[in-house]
Number of protein chains: 2
Amino acid sequence: MRATVIHGPTDIRVEQVPDPTVRQPTDAVVRVVLACICGSDLWAYRGVAKREVGQRIGHEFLGVVDQVGAEVTTVRPGDLVVAPFVWSDGVCDFCREGLQTSCPHGGFWGSGGSDGGQGEAVRVPFADGTLVGLPAEAAGDERLLTALLTLSDVMSTGHHAALAAGVRPGATVAVVGDGAVGLCGVLAAKRLGAERIIALGRHRARTDIARTFGATDVVADRGDAAVAAVRELTKGYGAHAVLEAVGTEESMRTAISVARDGGAVGYVGVPHGGSAGVDISQMFDRNIRLGGGVAPARAYIPELMADVLAGRIDPSPVLDRAVSLDEVPEGYRAMHERTALKVLIKP
Amino acid sequence: MRATVIHGPTDIRVEQVPDPTVRQPTDAVVRVVLACICGSDLWAYRGVAKREVGQRIGHEFLGVVDQVGAEVTTVRPGDLVVAPFVWSDGVCDFCREGLQTSCPHGGFWGSGGSDGGQGEAVRVPFADGTLVGLPAEAAGDERLLTALLTLSDVMSTGHHAALAAGVRPGATVAVVGDGAVGLCGVLAAKRLGAERIIALGRHRARTDIARTFGATDVVADRGDAAVAAVRELTKGYGAHAVLEAVGTEESMRTAISVARDGGAVGYVGVPHGGSAGVDISQMFDRNIRLGGGVAPARAYIPELMADVLAGRIDPSPVLDRAVSLDEVPEGYRAMHERTALKVLIKP
């Protein structure tokens, strides 16, 4: 089959690779119908996150089950399924608690020897623990499929940030970052009943999506000016809940600074700035909580899927460009150059 | 009157100072019956935390109301009262939410021009918002008064750490630090239903108190060895809830490292190590939450007081030495040299 392979910084290729097969009785093979490129893939593309030469890439996909191992019971060939961005065994203590990202048998698509999502098919370990079935009727509706694909990562991650930040009905929320995760964070905050949602971002096309997702205010400033703007909008108090969806030192510093005393920051941007942006003295004096991390998407997919299927949320606008598998390298370039927000792949 | 004054590092004196008087109609003057020395006072004693020459010191006291301003309605002369370690107006948004430490009219005893707790009397701003009445019968019972004095800071702070760490019935808890706050954290965790409490500390006299307060295990190691020991005690998982009661870089690093994936660290040690101990990548990968800060003791005193009065908790053993007001400088020396855990002052 053909799949996306990373050979080094900015060197993304679509190549012939071995067809995936069932190796363990708990495996399934899924033929990919839709995949996409993640902002976090760009860290590898830019050489900031290290990858082995020839490693697969892509961790968001949905598709149709092609083969299953003898012990797989919850999905069967022909089923439409979505995969969260990590696989997990579904039976360990952490999986049962809903923290599948800490499953001792879990792993990340594209890591050492595993298939990535940006290809024609994927061998899925622990298919029963990992995959979530989608209604067959969704197959004919590309907008709906696109919305369901976001459950794989960005919508689930935005929801994780909103939960970690303690978003409640009536809350004032600030969202730092206008990438796909930040925008999904806006949608998640709205879904959880936030009354006021301040989106921090400077890309008009993106903040326009934020507004359609429920943002009541947009702040285009950064750093101290952004902090002053959010305080101005909140009678000087700051936001009860802040979603940090970037992962840099500056964005973390901004997130903590715009939180109301006693409030919380939910951070889901993969940290690339060390802890220097975590101003612990400010957090201490003002009782700011910090939570979040890698989102257990598998735990969230069922409830978010119900809302997508019912039309209560539609995260599909975060995917604003579509490419074929051959065009994946161009998709990376477009996201790197910010001419695309998030790129859909149709293998 | 006589009160404790700090002139510089290790230079603590008891001096004649002006008698406190009612200056605002919301003030009260309280004659101090019991006060004490806090571990955080030692940061000033050691010159790590800056103080003006001649500044008052001490932020924990209980006593008898001597005078009240015309607008004070909840306490009157002769009442036995305890003060939290910050004063607060009692009517602002934050006070009503129970985060009195963020009251815009609040302040810390001993700060710029205010009285400190380690003296014969204290002018109390916003007496209605700040003071909590104690039953008159307690006056004759020194052990009970000593226990009630801990509500001023260390017991309330230990409780804050336990709440921030999300201690629940059945939880496994680790407490980093065997000072008075750490020990009160053990007691608070036990009170909230923790099943297993691992106290990290290396001073036998202190860890013995931890055991009487409910610690089921004691780990005397530090750093990586402490992390390994806690994991060994918890099937490799770590603790659901970790109370950080020291405030150094190393203690924060240890606290985060001994938390179970998906767990929380409640930190109440005044941060003196910057954020270098906050390992954000580890927190991200393992979904560790971090909360805490300066404890709103005023919010906690009523419920903790009820438990002290009913004999359900007795934090008094953390005060293991008593001095007169004249002997306060010796009390500081004893705590600095660790020959005393926490020193009670009887003015």
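Keep in mind the model is a prediction, meaning the values are calculated, not measured. Just so we're on the same page: letters track the sequence lines, and every chain starts at 1.
Looking only at distances, a side-chain donor or acceptor of B:T254 sits under 3.5 Å from a matching main-chain atom of B:E250. Checked by atom type and distance alone, the side chain of A:H240 pairs as donor or acceptor with a backbone atom of A:T172 at under 3.5 Å. Judged purely by atom type and a 3.5 angstrom limit, B:Y267 uses its side chain to pair as donor or acceptor with the backbone of A:F284.
Contact count versus chain A (heavy atoms, under 4.5 Å) is highest, among B:N287, B:I288, B:D261, B:L99, for B:N287. If you tally non-hydrogen atom pairs under 4.5 Å between each of A:A164, A:G291, A:P271, A:A264 and chain B, the highest count goes to A:P271. Comparing B:V268, B:V265, B:D93 by heavy-atom pairs within less than 4.5 Å of chain A, the highest count is held by B:D93. Between chain A and the residues B:G269, B:G262, B:A295, the most heavy-atom pairs under 4.5 angstrom are made by B:G269. Heavy-atom pairs under 4.5 Å with chain B were tallied for A:R286, A:E97, A:R289, A:R260; the largest tally goes to A:R260. With respect to chain B, the highest number of heavy-atom pairs below 4.5 Å among A:V270, A:D285, A:D279 belongs to A:V270. Between chain A and the options B:S281, B:G292, B:A276, the largest number of non-hydrogen pairs under 4.5 Å is found for B:G292. Heavy-atom pairs under 4.5 Å with chain B peak, among A:I280, A:T101, A:V278, at A:I280.
Here the side chains of B:S40 and B:F85 are not in contact, with every heavy-atom distance at 4.5 Å or above. Side-chain atoms of A:Q282 and A:R253, non-hydrogen and from C-beta on, never get closer than 4.5 Å to each other. Between A:Y45 and A:I57, the closest side-chain pair of non-hydrogen atoms is not below 4.5 Å.
The aromatic rings of B:Y237 and A:F94 sit perpendicular to each other, their planes meeting at more than 60°, with 30° as the lower class boundary.
Proximity to chain A is absent for every atom of B:H272, based on heavy atoms less than 4.5 angstrom apart.
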